[in-house]
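Only one structure is covered here, and it is reproduced in the block below.
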2 protein chains.
Amino acid sequence: MPLSTRESIIALAENHIQQNGYNAFSYYDIAVQLGIKNAAVHYHFPKKKDLLKGVLDKSEQHFQNMVELSKHNDINYMDKLNRFLKIYDDNLNRQNRVCLMGALATDLFTLPDHLRPALNQLVEAMKNWLTQILEEARNAGEFKFDGVASDRAALICSSMAGALQLARVLGNKEYEVIKSQLIKDLIK
Amino acid sequence: MPLSTRESIIALAENHIQQNGYNAFSYYDIAVQLGIKNAAVHYHFPKKKDLLKGVLDKSEQHFQNMVELSKHNDINYMDKLNRFLKIYDDNLNRQNRVCLMGALATDLFTLPDHLRPALNQLVEAMKNWLTQILEEARNAGEFKFDGVASDRAALICSSMAGALQLARVLGNKEYEVIKSQLIKDLIK
DNA sequence: TTACTTACTTACTAATAAGTAAGTATATTT
DNA sequence: AAATATACTTACTTATTAGTAAGTAAGTAA
């Protein structure tokens with residue numbers, strides 16, 4: 001089914017944020033892409049922060065769903081990990097988008113304070129998803145790593161976020177070598 | 001000795017970029033901080049891209065010096081590594097700045113094309129510095145890791161960049177757990 | 001002492017930004 | 001059929017931005 005105007009605005013805003021950051025797109029940019037007027041975007045999201053909240057909420061919902069899905073034991077752990085890593089692969093393939101955390105972290109102090117909990121929850125949800133995969137995979141003897149799973153999850157999240165950024169600057173090969181080292185470190 | 005106006009402008013611009021990104025500061029912000037007028041900043045750096053070039057050149061010079069310095073064998077390899085990691089520590093301690101690569105990677109596509117080589121060179125210089133340390137430390141038997149040193153350097157660069165960002169969103173503890181895992185992985 | 005350079009200030013322009021108030025067409029409810 | 005809600009458009013305001021042209025005061029060189 002086609003997206004509603006509201007959903008389209010969120011999708012375009014998310015894309016702009018991950019392409020150029022929160023401060024480098026305007027309501028006009030989105031209006032043009034949808035063939036509507038500036039004020040129509042304000043109708044759906046009165047302030048820019050409302051639009052960001054929309055992006056954040058949609059994204060957190062998505063991660064929460066993935067946490068639920070990853071509780072089922074119908075697929076093996078490497079496939080679950082790859083499902084997580086696919087998010088970064090998709091960003092790389094969509095014209096080298098950086099991840100939402102990476103983009104918004106830089107802009108964080110220019111954002112209204114009350115949006116920080118929303119971003120915090122989003123990143124927690126993402127990290128919890130990966131933590132759960134790592135924990136269970138280690139218990140099942142499929143992955144090996146030292147320390148607590150949430151610390152390893154933090155390392156992988158930050159590495160992948162950085163990998164998308166390094167790929168922009170030095171080329172996509174950097175992304176591949178970083179990703180493959182992270183995987184190797186889990187299965188050796 | 002005190003900084004010249006030109007040097008002060010570069011220092012402030014660098015700080016703004018690492019605090020909020022390239023698109024979230026204006027010439028006016030810098031002018032106010034220096035107690036001069038808008039146009040005085042334009043006198044030293046006619047276009048904003050000229051100012052960014054100034055920041056990039058200064059930073060690359062700094063990294064090139066570090067590569068030279070790290071060739072001397074007067075200190076041990078863990079100290080050399082810590083000298084590299086200190087850059088990230090300093091950013092964390094200066095009000096949670098992100099690193100220059102991390103900040104500019106997000107803004108990259110909003111920048112004039114001809115500045116990309118300058119950013120590329122900067123990040124190459126930084127990565128080469130770390131690669132050299134890792135290579136020599138492994139040859140000397142002080143560090144242990146699989147694969148080529150430049151790949152491991154890419155992993156560490158991206159992880160540390162991401163760690164500064166994750167620290168902003170989830171808290172500074174994330175930075176410490178990521179950094180300590182990277183070090184542990186080199187000496188075990 | 002005259003010419004020239006450096007490092008600015010004053011005073012502007014043009015473009016772009018977020019945001020708003022009021023009006024309109026279409027569909028839905030009462 | 002009348003009232004109301006939805007999803008916009010038209011037309012605007014205010015603020016901020018990069019950038020410029022012209023002027024000036026202080027130093028340097030010929």
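Throughout, a chain's letter reflects where its sequence line sits, starting with A, and its residues are numbered from 1.
To the nearest angstrom, C1' of C:dT20 lies 19 Å from OH of A:Tyr28. Separating the CD1 atom of A:Ile30 from the P atom of C:dA17 is a distance of 12 Å, rounded to the nearest angstrom. With rounding to whole Å, A:Ile9 atom CD1 is found 11 Å from D:dA7 atom P. Residue A:Tyr27 contributes atom OH, which lies 19 Å from atom P of D:dA15 at whole-angstrom precision. Here C:dG19 presents its C1' atom at 12 Å from NZ of A:Lys49, a figure rounded to the nearest Å. The distance from atom CZ of A:Phe45 to atom C1' of C:dT20 is 18 Å, rounded to the nearest whole Å. One interatomic measurement links the two molecules: NE2 of A:His42 to P of C:dG23, which rounds to 20 Å at whole-angstrom precision. Rounded to whole Å, the distance from CG on A:Leu51 to P on C:dA17 is 14 Å.
The closest donor-acceptor contact from the side chain of B:Arg97 to the backbone of B:Gln18 lies at 3.5 Å or more, if one exists at all. Judged by distance alone, with hydrogens and angles left aside, the side-chain atoms of A:Gln19 form a donor-acceptor pair with the main-chain N or O of A:Gln95 at under 3.5 Å. A donor-acceptor distance shorter than 3.5 angstrom exists from the side chain of B:Arg168 to the backbone of A:Thr106, with no hydrogens or angles considered. Judged purely by atom type and a 3.5 angstrom limit, B:Asp29 uses its side chain to pair as donor or acceptor with the backbone of B:Ser26.
Dashed line: the shortest gap from a side-chain N or O of B:Ser26 to OP1 or OP2 of D:dT16 is not under 4.0 Å. An OP1 or OP2 oxygen of C:dA17 is reached within less than 4.0 angstrom by no side-chain nitrogen or oxygen of A:Lys48.
Seen from the ring of B:Phe45, B:Lys53 does not count as a face-on cation partner, given the 6.0 Å and 45° thresholds.
Looking at B:Arg83 and B:Asp79, no side-chain N of the basic residue comes within less than 4.0 Å of a carboxylate O on the acidic one, giving no salt bridge. Ionic pairing of A:Glu124 and A:Lys127 is not present here: no N-O contact between side-chain nitrogen and carboxylate oxygen is shorter than 4.0 angstrom.
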- Task: Would you sort out whether B:Gln64 and B:Glu60 count as a side-chain hydrogen bond (donor to acceptor under 3.5 Å, both in side chains), showing the intermediate values?
- Result: CA-CA 6 Å; B:Gln64 293 287 15; B:Glu60 203 221 324; 2.8 Å; yes
Using nucleotides 7-13 of chain C, report all nitrogen or oxygen pairs with the protein that are shorter than 3.5 Å.
from: C:dA7; atom 1: OP2; to: B:Tyr43; atom 2: OH; distance (Å): 3.4
from: C:dC8; atom 1: OP2; to: B:Thr5; atom 2: OG1; distance (Å): 3.0
from: C:dC8; atom 1: OP2; to: B:His44; atom 2: NE2; distance (Å): 3.2
from: C:dT9; atom 1: OP2; to: B:Lys37; atom 2: N; distance (Å): 2.8

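For DNA chain D, the stems formed by at least three consecutive Watson-Crick or G-U pairs, with both atom-pair distances below 3.5 Å, span C:1-30 with D:1-30.
Test A:Asp89, A:Asn96, A:Asn91 against A:Tyr175 for side-chain hydrogen bond (donor to acceptor under 3.5 Å, both in side chains) and you get one pass: A:Asp89.
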